[in-house]
Amino acid sequence: MKETVIVDVNQKKSTISPDIYGHFSEHLGRCIYGGFWVGKDSSVPNIHGYRSDVLQAFKDIDIPNLRWPGGCFADEYHWKDGIGPKENRKRMINTNWGGVVEDNSFGTHEFMGLCDELGCKPYICGNVGSGTVQEMDEWIEYMTFSGESPMSRLREENGHKDAWKLPYFGVGNENWGCGGNMRAEFYADQYRRYQTFVRQYGPDKIMKIAGGANVDDYNWTDVLMKNALGFMDGLSLHNYTFEYSWEDKRSATEYNDAGWYRVIKNAYRMDELVRRHSEIMDKYDPAKRVSLVVDEWGCWHKTEPGTNPGFLYQQNTVRDAVVAGIILNIFNNHSDRVRIANLAQAVNVLQSPVLTEGDKMVLTPTWYILHMYKAHQGATLLGSTCATAAAGVENISVPALSVSASVKPGKGSDTYTITVCNADAAKSRTVDIGLTGLVKNIVKAEAQIVTSGDMHDCNTFEKSEVVTEKALAVKIAERDTVSIELPAHSVASVTIHA
């Protein structure tokens with residue numbers, strides 16, 4: 001089967017913010033403890049307590065930002081419990097996730113140190129659900145005030161003299177649910193109040209992000225934009241991809257063709273959600289000053305057998321890789337409004353790029369998608385079209401191909417990146433990619449692909465390189481056109497120099 005992708009090199013659109021490729025680290029299961037953090041005395045190789053292998057894995061995909069401490073955990077987290085000498089920190093039960101003891105050994109200093117090691121921006125989520133305005137006010141002062149004050153002195157006493165930069169701060173999390181079961185009108189007023197005390201100390205702006213809608217709650221977006229627009233810089237959106245539903249989750253690894261296509265169809269739904277929430281935001285903010293922040297997205301499957309159900313540990317297959325490719329293409333294509341997004345979650349939880357077990361680490365198929373897509377970060381989105389045939393089974397139908405394209409200018413030539421997903425579980429496709437409006441000739445082209453012989457394949461600690469990124473043959477068919485053979489259930493990135 002043959003498909004044609006057209007990229008208009010003259011239709012330069014928005015910049016694809018690197019922050020679309022952000023990650024999320026909650027105090028949940030083994031994301032923090034055993035994932036990012038093992039402690040300085042661990043036998044696992046580490047840098048100041050942070051796992052060396054995990055640090056390198058995220059550096060290799062150019063992680064732009066990291067969200068912390070939640071999630072639902074954020075609205076029961078009291079930051080003063082996580083500062084000072086470790087032996088004096090409060091111990092608590094993590095009532096949201098697994099009922100295990102949280103010893104608060106990983107707190108503000110440890111998180112900021114992690115971001116320093118990764119070279120990424122910190123994105124902190126504050127406690128509105130069970131916290132006070134004073135608590136949030138003092139946390140901001142503790143982190144960002146460099147003058148003389150009780151909180152800056154306390155920070156220095158705890159070993160950090162200089163203030164940190166805090167680019168992103170979320171005022172509550174899922175306040176329609178675990179963050180307080182609030183109505184939109186009530187949260188809008190709470191947001192206005194709390195954000196007042198997210199003060200701007202010095203020249204470094206803190207982007208204030210309001211807690212946004214659950215999936216398709218368009219009324220929530222309307223109420224927040226109408227009542228709090230002047231006080232926010234971003235509005236969040238949470239949407240997870242299920243095979244059936246929140247109440248009826250299915251296996252990450254055991255599925256038939258219908259299970260493949262149900263998940264793919266739900267991944268494509270992200271386009272509708274982003275578009276419709278953006279339309280509401282456009283009504284109040286036509287200049288698109290406020291960013292849509294999709295700070296929780298990814299596949300949510302049934303937990304792996306034999307693991308703590310509250311730890312949300314799941315495997316990651318070719319199906320998850322294709323979902324990641326489709327959703328990242330959607331974010332790229334809506335980068336005029338979507339400027340921050342965070343895959344849930346970074347390590348050992350939900351659709352993780354990285355899994356750990358003791359001193360072992362494995363990169364999942366999703367990691368390879370993020371590695372292959374990183375060329376889009378900071379590039380200029382180009383207009384692209386693909387009149388693709390449908391794929392599916394029974395009564396489930398999806399577009400077979402998903403595409404986004406971008407360009408980065410160079411001294412001698414421009415570099416074009418086109419990412420293409422083949423969501424067809426069974427059929428390969430010949431894909432011609434034409435750069436319409438191209439004045440120069442294509443001088444070089446290469447491609448990479450993530451796929452495997454079986455759509456159920458995943459990487460395990462025993463077999464860690466079943467699904468990886470590999471070279472894909474690409475042919476320069478004409479002066480402005482290249483051609484690739486795209487196997488079933490695959491994602492490719494084509495790089496063209498012209």
Side-chain angles (χ1 to χ4, degrees), residues 5-23 61-67 118-123 165 167-168 204-209 212 232-237 270-271 273-275 277-279 281-282 285-295 297 324-343 369-386 402-421 433 435-439 493-498:
V5 171
I6 300 297
V7 178
D8 188 343
V9 302
N10 294 318
Q11 193 181 2
K12 292 182 171 65
K13 296 187 172 184
S14 45
T15 298
I16 298 173
S17 168
D19 286 309
I20 286 174
Y21 291 81
H23 294 270
I61 55 174
D62 295 346
I63 178 174
N65 71 76
L66 185 63
R67 182 173 179 249
L118 292 170
C120 74
K121 301 173 188 173
Y123 173 10
K165 291 183 180 181
Y168 305 129
D204 299 314
K205 178 178 174 59
I206 300 174
M207 180 175 174
K208 301 177 186 180
I209 299 168
M232 70 171 78
D233 302 298
L235 181 63
S236 75
L237 170 65
M270 183 66 82
D271 186 74
L273 295 174
V274 168
R275 178 173 47 79
H277 283 291
S278 295
E279 287 170 356
M281 296 175 76
D282 288 346
D285 176 33
K288 301 183 187 294
R289 180 187 66 81
V290 176
S291 299
L292 182 58
V293 180
V294 191
D295 53 16
W297 69 271
I326 289 169
I327 290 178
L328 289 170
N329 281 342
I330 291 167
F331 292 160
N332 290 344
N333 288 326
H334 288 282
S335 53
D336 59 335
R337 181 67 82 174
V338 179
R339 302 187 189 105
I340 304 173
N342 300 81
L343 175 61
I369 298 300
L370 292 160
H371 186 262
M372 204 163 61
Y373 273 56
K374 69 179 183 178
H376 283 305
Q377 293 189 27
T380 300
L381 178 70
L382 295 174
S384 61
T385 57
C386 177
S402 160
V403 179
S404 68
S406 67
V407 62
K408 287 183 177 177
K411 291 182 179 179
S413 62
D414 295 336
T415 300
Y416 299 89
T417 300
I418 302 95
T419 46
V420 189
C421 307
I433 301 171
L435 303 185
T436 184
L438 188 66
V439 176
S493 177
V494 181
T495 306
I496 299 173
H497 304 275

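What you see is a predicted model; the values in this text were computed from it and never measured.
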Ignoring hydrogens, what is the shortest heavy-atom contact between M281 and S291? Give both atom names and the distance.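 Nearest heavy atoms, M281 then S291: CE-O, 3.9 Å.
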How many angstroms lie between atom CD1 of I330 and atom CZ of R275, to the nearest 0.5 angstrom?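 The CD1 atom of I330 sits 10.5 Å away from the CZ atom of R275.
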To the closest 0.5 Å, what do you measure between OH (Y21) and CD1 (I369)?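 The CD1 atom of I369 is 10.5 Å from OH of Y21, to the nearest 0.5 Å.
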In Å and rounded to the nearest 0.5 Å, what is the CG to CD1 distance from N332 to I20?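 That separation rounds to 5.5 Å.
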If you look at every heavy atom in P64 and P18, which pair is closest and at what distance?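 Of all heavy-atom pairs spanning P64 and P18, the closest is CG-O, 3.0 Å.
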Heavy-atom check, side chain of L382 versus side chain of K12, under 4.5 Å: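 Heavy-atom side-chain distance check passes, below 4.5 Å.
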After noting the C-alpha distance and the side-chain angles of V294 and M270, does the key distance pass the side-chain contact (heavy atoms from CB on, under 4.5 Å) rule? CA-CA 10 Å; V294 191; M270 183 66 82; 4.1 Å; yes
Nearest 0.5 angstrom please: I209 CD1 to S236 OG, how far?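 Answer for the CD1-OG pair, I209 versus S236, is 8.0 Å.
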Quick one: pull up CZ in F331 and CG in D271 and give me the separation to the nearest 0.5 Å.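 It is 10.5 Å, given to the nearest 0.5 Å.
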Could you give all pairs that pass the side-chain hydrogen bond (donor to acceptor under 3.5 Å, both in side chains) test and reach residues 412-421, with sequence neighbours left out?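 Those involving residues 412-421 are N329-T419, H376-T419, S404-T419, T415-H497.
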Quick one: does V9's side chain get under 4.5 Å of V407's, heavy atoms only?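 Counting from C-beta outward, V9 and V407 never come under 4.5 Å.
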For A405 against I418, the heavy-atom pair lying closest together: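 It is CB-CG1, 4.0 Å.
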If you define the side chain from C-beta out and look only at heavy atoms, does anything of Y373 sit under 4.5 Å from D62?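 The answer is no, as the side chains (C-beta and beyond) never meet within the 4.5 Å cut-off.
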Could you check whether any side-chain heavy atom of I433 comes within less than 4.5 Å of a side-chain heavy atom of V403, counting everything from C-beta outward?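 Not in contact.
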How long is the gap from OG1 on T380 to NZ on K13, to the nearest 0.5 Å?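 Rounded to the nearest 0.5 Å, the OG1-NZ separation comes out at 12.5 Å.
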Please step through side-chain contact (heavy atoms from CB on, under 4.5 Å) for the pair Y123 and L66, ending with a clear verdict. CA-CA 6 Å; Y123 173 10; L66 185 63; over 6 Å; no
Is the closest side-chain heavy-atom distance between H23 and L370 below 4.5 Å?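 The answer is yes, as the side chains (C-beta and beyond) meet within the 4.5 Å cut-off.
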Side chains of D19 and Y168: closer than 4.5 Å at any heavy-atom pair?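 When only atoms from C-beta onward are counted, Y168 and D19 do touch, with a gap below 4.5 Å.
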Among residues two or more places apart or on two chains, list those pairs meeting salt bridge (charged side-chain N to carboxylate O under 4.0 Å, His left out) that have a residue in residues 285-295.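 Pairs touching residues 285-295 that pass the test: R67-D295, D233-R289, D282-K288, D285-R337, K288-D336.
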If you take all heavy atoms of G212 and L235, which pair is closest and at what distance?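 Nearest heavy atoms, G212 then L235: CA-CD1, 3.7 Å.
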Please say whether more than 12 non-hydrogen atoms of neighbouring residues, nucleotides or ligands are located less than 6.0 Å from NZ in K374.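 Yes - once you tally the heavy atoms of other residues, nucleotides and ligands closer than 6.0 Å, there are more than 12.
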